[in-house]
Amino acid sequence: METNQILETIRMIEEENLDIRTITMGISLLDCIDSDSDRACQKIYDKITRLAKNLVKVGEEIESEYGIPIINKRISVTPIGIIAAASSDTDYVKYAKTLDKAAQAVGVNFIGGFSALVEKGYQHGDDILINSIPQALAETQFVCSSVNIGSTRAGINMDAVRHMGYVIKETAEKSDMGCAKLVVFANAVEDNPFMAGAFHGVGEADCVINVGVSGPGVVKRALEKVKGEPFDVVAEVVKQTAFKITRMGQLVGKIASERLNIPFGIVDLSLAPTPAVGDSVAYILEEMGLESVGTHGTTAALALLNDAVKKGGVMACNHVGGLSGAFIPVSEDAGMIDAVNNGALNLEKLEAMTAICSVGLDMIAIPGETSAETIAAMIADEAAIGVINHKTTAVRIIPAKGTSVGDMVEFGGLLGRAPVMKVNDYASTDFILRGGRIPAPIHSFKN
């Protein structure tokens, strides 16, 4: 690198909130399957603590040596719905507690993979795992959970959609933070390093290192220099900035891979905001000329941003994966919170934006009295967007107990705070109670 590039990177880190959002170690637990759940849990604990014992240490060494902030060190594992199915247990809270204990032992921030993949139907362990989620998240600190209920290839499992509506309600009743660690997917990817949706897919290697990079503040600052310029120029600036950010992520991933002696997987370039001042995806969109995110033109601006980010990332790294694009979680983005509070942004506009962004309705607080069927219908809408558009969509909704529209819910730390948003007053109950499966779209058949 030339001197000016080194200085530019230092400035990005010090002034524009550029960071490595996460180093995530993916670990396969397929060789831990055992019909005796006690033996299985012991194998799980032993394997995670053996492979990840130096993960945090290596991350901190890289931070110190290169001056690059690495905010989170995380682990993802094979979906526990697969691993625990061999046992005769009637709930899987024991497995969640084992993951929690292992995460605490190695010092990571989160461990993901208390998950089930039910897009086409339930296998033996799936129903048990899903029913275990509320209690598991209430009794653990570091465990994150996800359920995939649809895919372009399979369609949407509406029985699972309905099930998750009730599970989210129960999770909210059992713990204040449980729903912040639970996400419902369509088209979930197997190499996602970001929580709460990270799990280690069965097609992955035994153990890999995936990196998630984030830099909304860097992109915002770059766009300030081309104020009033045509969109061709805007796209080029975003693309070049994403290239630089991704190169830094690849550097960190390769170093971590070499020091841990574990293969390097992918870099996920997702512009993920934080509560820090200036670290906002909403501010990037407003820098393009919107008075407030949520107004007309927001979806088009987000489409440009997402596409340019991916183009820059793919040029910078051979193995870009995960979700890669732009996250729009309300609670973690100061600009999004402002837009909700000033009336410019509502759930319907957020849903439209999820046709473009990396994930979906993410970290959104709704009144605690919202029915399970309404929550399930929100999941179904998001799944439909993902299934029809060949993309990942997700819902991480938080029914906040005892709140009404306009109240502010505090989560703390990276999760920030969220205004309670209005939900449509009209019921979707009869629609959700139909159950069955919404068939896959015609373009899913590509053999």
Side-chain angles (χ1 to χ4, degrees), residues 9 12-13 17-29 47-78 99 102-113 142-144 146 181 189-201 204-215 218 242 244-274 279 313 316-324 327 332 358 413-414:
T9 303
M12 288 178 178
I13 293 167
N17 298 309
L18 177 60
D19 58 50
I20 302 296
R21 187 55 49 86
T22 179
I23 294 178
T24 301
M25 179 180 286
I27 300 174
S28 172
L29 300 181
K47 184 168 187 180
I48 292 172
T49 53
R50 173 172 54 84
L51 291 174
K53 63 181 179 181
N54 293 322
L55 177 61
V56 172
K57 177 186 172 187
V58 166
E60 290 173 347
E61 286 174 355
I62 295 171
E63 283 186 272
S64 177
E65 290 176 33
Y66 291 87
I68 300 171
I70 301 173
I71 306 302
N72 294 290
K73 294 83 178 175
R74 297 166 170 170
I75 295 169
S76 63
V77 299
T78 311
L99 296 180
Q104 187 171 20
V106 298
V108 294
N109 305 94
F110 287 112
I111 185 165
F142 306 104
V143 172
C144 291
S146 59
K181 299 186 291 176
V189 297
E190 295 191 337
D191 56 2
N192 171 21
F194 285 101
M195 300 297 172
F199 65 86
H200 189 69
E204 296 286 305
D206 189 61
C207 188
V208 295
I209 290 291
N210 295 322
V211 173
V213 186
S214 181
V218 178
K244 296 171 187 175
I245 296 170
T246 307
R247 288 299 251 186
M248 189 181 80
Q250 180 169 266
L251 170 68
V252 169
K254 289 181 72 174
I255 295 168
S257 169
E258 290 167 3
R259 294 188 182 183
L260 291 165
N261 195 29
I262 289 170
F264 174 49
I266 56 96
V267 174
D268 183 330
L269 176 62
S270 289
L271 296 180
T274 71
D279 206 22
C317 178
N318 288 331
H319 300 291
V320 171
L323 299 168
S324 290
F327 285 103
E332 299 165 23
S358 286
L414 191 64

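- A 4.5 Å side-chain heavy-atom check between V267 and V213 finds at least one atom pair inside the cut-off.
- When side chains are defined from C-beta on, S76 does not count as touching N192, because their heavy atoms never get closer than 4.5 Å.
- The two atoms that bring N210 and G265 nearest to each other are OD1-CA, 3.3 Å, heavy atoms only.
- No side-chain heavy atom of T24 sits less than 4.5 Å from a side-chain heavy atom of F110.
- The heavy-atom pair separating I48 from A102 by the smallest distance is CG2-CB, 3.8 Å.
- In this structure, the side chains of V56 and V106 stay at 4.5 Å or more apart for every pair of heavy atoms.
- Note: N54 CG to E60 CD = 11.0 Å, rounded to the nearest 0.5 Å.
- Between A205 and H200, the closest heavy-atom pair is O-NE2, 2.6 Å.
- The side-chain heavy atoms of R259 and I62, taken from C-beta on, include a pair separated by under 4.5 Å.
- The heavy-atom pair separating F199 from S146 by the smallest distance is CD2-OG, 3.9 Å.
- Considering T22, V58, I23 as possible partners of I70, the one that fulfils the side chain to side chain contact (heavy atoms under 4.5 Å, CB included) test is I23.
- Atom CD1 in I27 sits 13.0 Å away from atom CD in E204 (nearest 0.5 Å).
- Looking at heavy atoms from C-beta onward, R74 lies in side-chain contact with F194 at the 4.5 angstrom threshold.
- Nearest heavy-atom pair, M195 versus I111, reported as atom, atom and distance to 0.1 Å: CE-C, 3.9 Å.
- Atom CD of Q250 sits about 10.5 Å away from atom CD1 of I255, to the nearest 0.5 Å.
- Contact annotation: the side chain of M25 approaches that of C207 to within less than 4.5 Å [non-hydrogen atoms, C-beta and beyond].
- Side-chain contact check for D206 versus K47: some heavy-atom pair is nearer than 4.5 Å.
- Taking every heavy atom of both residues into account, F327 and L323 meet most closely at CZ-CD1, 3.6 Å.
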**Study point:** Candidate pair L99 and F142, rule side-chain contact (heavy atoms from CB on, under 4.5 Å), full reasoning
**Key:** CA-CA 8 Å; L99 296 180; F142 306 104; over 6 Å; no
